[in-house]
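Here is the structure we will look at, set down as structure tokens.
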Amino acid sequence: MTRPEPWQMVAENYPVSVVMQTRFQDIDPNRHLNNVAFAALFENARVRLNRELRPWGDRPKNERSMVAAVTINYLREGQYPDDVEVSSGVSKIGRSSYIIAQAMFQNDRCIATCDSVIVCRTDGEGKPLRAAVVTELEKMRTKG
């Protein structure tokens, strides 16, 4: 496992944060949050960030965003019933894709990080990001 960069484990380096409740069904037999729960919590926060970046009603009907890759680093055990805070931002912007970087915190400690590659497709093919999309992505940059 590649250890996350130090900046990735600091909540203040992300422009958006959301607090979420953990659920009893999220725990494994050892009473820790299971890996699927981590993925679902990151997904929920990622979707909220994407909706804020690019309101769905404003994009052309032939344009789609798709998750191409997700990498999660599990750093500490998560506990139920404690809430988690997921902080998110855009760490990199490419020609036709961008990376959403995230960190999950519980009781003021970073328990996991996540990088998701989001690919934009128009008419079923990879196309350069529109200038308006890049402008919105720049507003959500991480500090790292």
Side-chain angles (χ1 to χ4, degrees), residues 1-28 32-80 82-144:
M1 170 175 95
T2 304
R3 190 99 174 126
E5 296 290 326
W7 72 265
Q8 291 177 285
M9 297 180 282
V10 178
E12 292 77 21
N13 289 331
Y14 298 86
V16 176
S17 288
V18 60
V19 174
M20 290 182 265
Q21 292 180 334
T22 58
R23 306 168 305 169
F24 178 77
Q25 69 192 43
D26 293 336
I27 61 174
D28 63 20
H32 304 128
L33 298 180
N34 67 49
N35 60 326
V36 175
F38 277 80
L41 292 162
F42 278 127
E43 176 187 44
N44 188 41
R46 181 178 67 243
V47 168
R48 288 179 182 215
L49 177 71
N50 267 328
R51 290 184 67 113
E52 191 171 322
L53 282 169
R54 303 176 53 216
W56 291 5
D58 293 347
R59 71 177 176 192
K61 296 201 183 303
N62 61 340
E63 184 179 272
R64 298 285 180 259
S65 299
M66 300 174 10
V67 176
V70 175
T71 303
I72 298 174
N73 291 304
Y74 301 94
L75 306 174
R76 292 183 174 82
E77 296 169 346
Q79 305 295 321
Y80 169 82
D82 300 349
D83 290 345
V84 296
E85 180 177 359
V86 180
S87 299
S88 306
V90 176
S91 63
K92 293 181 185 169
I93 302 171
R95 185 175 163 275
S96 62
S97 65
Y98 57 97
I99 296 176
I100 295 178
Q102 299 175 287
M104 186 180 301
F105 301 89
Q106 191 174 58
N107 302 318
D108 298 320
R109 296 178 66 186
C110 185
I111 62 172
T113 62
C114 180
D115 287 322
S116 300
V117 178
I118 311 299
V119 176
C120 294
R121 297 178 57 83
T122 304
D123 295 325
E125 296 180 11
K127 299 274 175 101
L129 295 166
R130 290 182 292 114
V133 172
V134 173
T135 299
E136 291 301 309
L137 292 171
E138 289 289 353
K139 293 177 186 175
M140 294 294 179
R141 281 283 202 169
T142 58
K143 297 177 187 171

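Note that these values count all heavy atoms, side chains included, but never hydrogens, waters or copies made by symmetry. Remember, it's a predicted structure, so these values are computed and weren't measured experimentally.
- Checking side-chain atoms of N13 against main-chain N and O of G144 turns up no donor-acceptor pair under 3.5 Å.
- Here the OG1-CD1 distance, from T142 to I100, works out to 11.0 Å after rounding to the nearest 0.5 Å.
- If you take CZ on R3 and CE on M9, they are separated by 5.0 Å, rounding to the nearest 0.5 Å.
- Ion pairing between a basic and an acidic side chain is recognised when a charged N comes within 4.0 Å of a carboxylate O; E63 and R130 show such pairing.
- The aromatic rings of Y14 and W7 are tilted relative to each other, their planes meeting at an angle between 30° and 60°.
- Within a 6.0 Å sphere centred on CZ of R64, other residues, nucleotides and ligands contribute more than 12 heavy atoms.
- From I111, atom CD1 reaches atom CZ of F38 across 4.0 Å, with rounding to the nearest 0.5 Å.
- The distance from the CZ atom of F42 to the CZ atom of R46 is 10.0 Å, given to the nearest 0.5 Å.
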task = For C120 and S65, run side chain to side chain contact (heavy atoms under 4.5 Å, CB included): C-alpha distance rounded to whole Å, both residues' side-chain angles, the deciding distance at 0.1 Å, then the answer.
result = CA-CA 5 Å; C120 294; S65 299; 4.0 Å; yes

task = Evaluate the criterion side chain to side chain contact (heavy atoms under 4.5 Å, CB included) for residue pair V84 and F105; output intermediate values, then yes/no.
result = CA-CA 6 Å; V84 296; F105 301 89; over 6 Å; no

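- Summarising the local packing, CG of D108 is surrounded by 12 or fewer heavy atoms from other residues, nucleotides or ligands at distances under 6.0 Å.
- Summarising the geometry, atom CD1 belonging to I99 is positioned 10.5 Å from atom CD1 belonging to I93; distances are rounded to the nearest 0.5 Å.
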message = Does Q8 form a side chain to side chain donor-acceptor pair (under 3.5 Å) with T113? I'd like the steps, not just the answer.
response = CA-CA 7 Å; Q8 291 177 285; T113 62; 5.0 Å; no

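- With hydrogens and angles disregarded, no donor-acceptor distance shorter than 3.5 Å links the side chain of R76 to the backbone of R109.
- Remark: Q79 CD to L33 CG distance equals 7.0 Å, nearest 0.5 Å.
- A donor-acceptor contact shorter than 3.5 Å links the side chain of R141 to the backbone of S91.
- The two residues V119 and A68 make their nearest non-hydrogen contact at CG2-CB, 3.4 Å.
- In summary, the side chains of Y80 and D28 do not present any donor paired with an acceptor at a separation below 3.5 Å, with no hydrogens or angles considered.
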task = Any chance you could lay out the side chain to side chain contact (heavy atoms under 4.5 Å, CB included) test for Q106 and D83, step after step, and finish with the verdict?
result = CA-CA 7 Å; Q106 191 174 58; D83 290 345; over 6 Å; no

message = Using side chain to side chain contact (heavy atoms under 4.5 Å, CB included), reason through V90 and L53 one step at a time and then give a plain yes or no.
response = CA-CA 10 Å; V90 176; L53 282 169; 4.2 Å; yes

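- Side chains of V70 and C114 form a contact here, defined as non-hydrogen atoms less than 4.5 Å apart.
- With hydrogens and angles disregarded, a donor-acceptor distance shorter than 3.5 Å links the side chain of T22 to the backbone of D82.
- The nearest pair of heavy atoms linking A103 to C110 is CB-SG, 4.2 Å.
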